[in-house]
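Before any comments, here is the structure.
Lettering follows sequence order; numbering is per chain, from 1.
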Amino acid sequence: MSPPNTVERLRKRSQFLLVRNGYRAVRPTVLIEARQRAPDGPIGLGFTASSKIGGAVVRNRAKRRLREAARQALPEFGQAGVDYVFVARRGTPDAAWDALLDDVRNALIRLRAELAEGRAERAPWPRSKRPSPPKESE
RNA sequence: UCAGUCGGCCGGACGGCCGCGGGCGCACGUUCGAAAGGACGCGUUCGAGGAAAGUCCGGGCUCCACGCGGAUACGGCGGCGGGUAACGCCCGCCGGGAGCGAUCCCAAAGAUCGCUUUUAGGGAUAGCGCCACAGAGAAUAGACCGCCGAUGACCCGGCGAAAGCCGGGAACAGGCAAGGCUGAAACGGUGGGGUAAGAGCCCACCGCGCCAACCGUAAGGAAGGCGGCACGGCAAGCCCCGCCGGGAGCAAGACCGAAUAGGAACACGCGCCGCGCAAGCGGCAGGCCCGUCCGUGGGUUGUGUUCGGGUUGGUCGCGAGAACCGUGCGGCGACGCACGGUCCAGAGGAAUGGUCGUCGCCUCGGCAACGAGGACACAGAACCCGGCUUAUAGGCCGACUGGCGUU
């Protein structure tokens, strides 16, 4: 049994691709994907910012803000054994900090509900929820 | 003091709290993993740029290839000298172009000198090719207008006895290339002589070409002499000459290192039955595999250890150097040398962030105090250096040019 709410970064492209098959919550400043990897264990965490939202400076800033938001929100709202991927949107770099943090908390709460529901119904792959896969950042 | 051009430099500052990556020290435990190895604690310290960018040149480093020399092909470079590890970079100089000023000069043209600025600048008698449009003519040029011929052949009219005179029109052969026109460029310019008209045909000055004392390391400069003048431009067209160049790149490359399959070495073992002289074949049992246990079915077949190989994965490569800062000396300068001091990012889905305060800057409102807003120019290291190019709000310093003001 691992300590509660420890976080491990996702490092492999294959890990990111798996999470894309899970649930997703869209907010104006962020898109969060989540998938129940195991019933327990550390939280998995990854970040993605495609070249669609800007150059290297903008993408780095977006990822940093998302990382800081995750640091503040995940211990409270994250679920053990779940992999999360935070995808930056066009508004991520310039949004007010409070709004961004609010969107992240909100999305995490929503995902917690969907995960619990999905586990109860034993329907872990709602693949119909994805009309078009987002562009993968390198 | 203001504006413009050029060159150099900086490119938000300080602090509180929380967080992230690397180094070092202390803990030496927990956890993930087959292993290699990784993650997690506390303290301390360091933590993006002048372009980190484009990936256009030059190197280091790594692997591959490679006897030596030459030739050819391909690619790059191209005034000279210097700097440099090297360069297509930098510095100085030479030559050419442009602008301004001064002098020579009646003036113009031109020359000389000074300042500023610009320039890929070997070869056009090695050869080939091209020179659009316009224009008469574009390369051993050409004759459209024009000039001469023309003090007028010839024609018409008038006068006259005639010779002829007056008025009007006007051609050929032939000569010329001054003037006009076109053009990026027209086979020297100005003045005079000369001539039917002209022409370097001749002369003076200027320009040009050839030779050249002497000066300079050299590119090159040049006193002087000779020549009536010939030799157009383009080589970022082919080309010729000289010099340089092996290829691929940190996803280079090195090491560690499961399972499975296949390989090698050594040790030990090779049951029972049938057939067969033997080699061997078949069956049974056993072992192993099909996730585990039981059952059933199937497959496979000596066992163990070690070596080698290398996949997933992991570690290294990875930052003390063509380093930075200061002082002194040499050099016009690029830069070099000496001495002293400093350690200055190393990620790997990729750290340098979040928030708050004070100040600065910009925008808006306001007479002002002040208030509101602003992720406040361009932009994010990825093996490392030297350059070039491109992007860049705002600010500082210097030089030159011009305007205004003051003495």
Same-atom distance ([atom1]) from [N] to [M], integer angstrom:
| N | M | atom1 | answer |
| --- | --- | --- | --- |
| B:rC307 | B:rG246 | P | 45 Å |
| B:rA53 | B:rU84 | P | 29 Å |
| B:rA141 | B:rG169 | C1' | 38 Å |
| B:rU119 | B:rG78 | P | 15 Å |
| B:rG22 | B:rG67 | C1' | 50 Å |
| B:rG50 | B:rG386 | P | 11 Å |

message = Counting the atoms with a prime plus P, OP1 and OP2 as sugar-phosphate, which does A:Arg67 contact under 4.0 Å by heavy atoms, base, sugar-phosphate, or nothing?
response = sugar-phosphate
query = Going by modelled atom types, is there a donor-acceptor pair between the base of B:rG19 and the side chain of A:Arg64 at under 3.5 Å?
reply =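 Not at all, since no donor on one side and acceptor on the other fall under 3.5 Å apart.
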Rounded to the nearest angstrom, tell me the gap between atom [atom1] in [X] and atom [atom2] in [N].
| X | N | atom1 | atom2 | value |
| --- | --- | --- | --- | --- |
| A:Leu101 | B:rG353 | CG | P | 18 Å |
| A:Asn60 | B:rA381 | CG | P | 8 Å |
| A:Phe47 | B:rG348 | CZ | C1' | 16 Å |
| A:Glu68 | B:rC17 | CD | P | 16 Å |

query = Is it true that A:Arg110 and A:Glu114 have a side-chain N and a carboxylate O under 4.0 angstrom from each other?
reply =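 Result for this pair is yes, salt bridge flagged.
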key: Nearest-nucleotide comparison on RNA chain B, the residue closer to the 5′ end among A:Trp97 and A:Val85   =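 Counting from the 5' end, the first nearest nucleotide belongs to A:Val85.
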inquiry  = Closest-nucleotide mapping onto RNA chain B: is A:Val58 or A:Arg61 further toward the 5' terminus? I mean the 5' end.
reply    =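 Result: A:Arg61.
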ask   = Among B:rA379, B:rG19, B:rG349, which is the nearest nucleotide to the side chain of A:Arg71?
value =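 Looking only at heavy atoms from C-beta outward on A:Arg71, the closest nucleotide is B:rG19.
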key: Syn/anti label of B:rG319 as read from its glycosidic torsion, with the cut at 90° from 0   = syn
ask   = Syn or anti for B:rC344, taking syn as within 90° of 0?
value =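 Syn, which is what one calls it when the glycosidic angle falls within 90° of 0.
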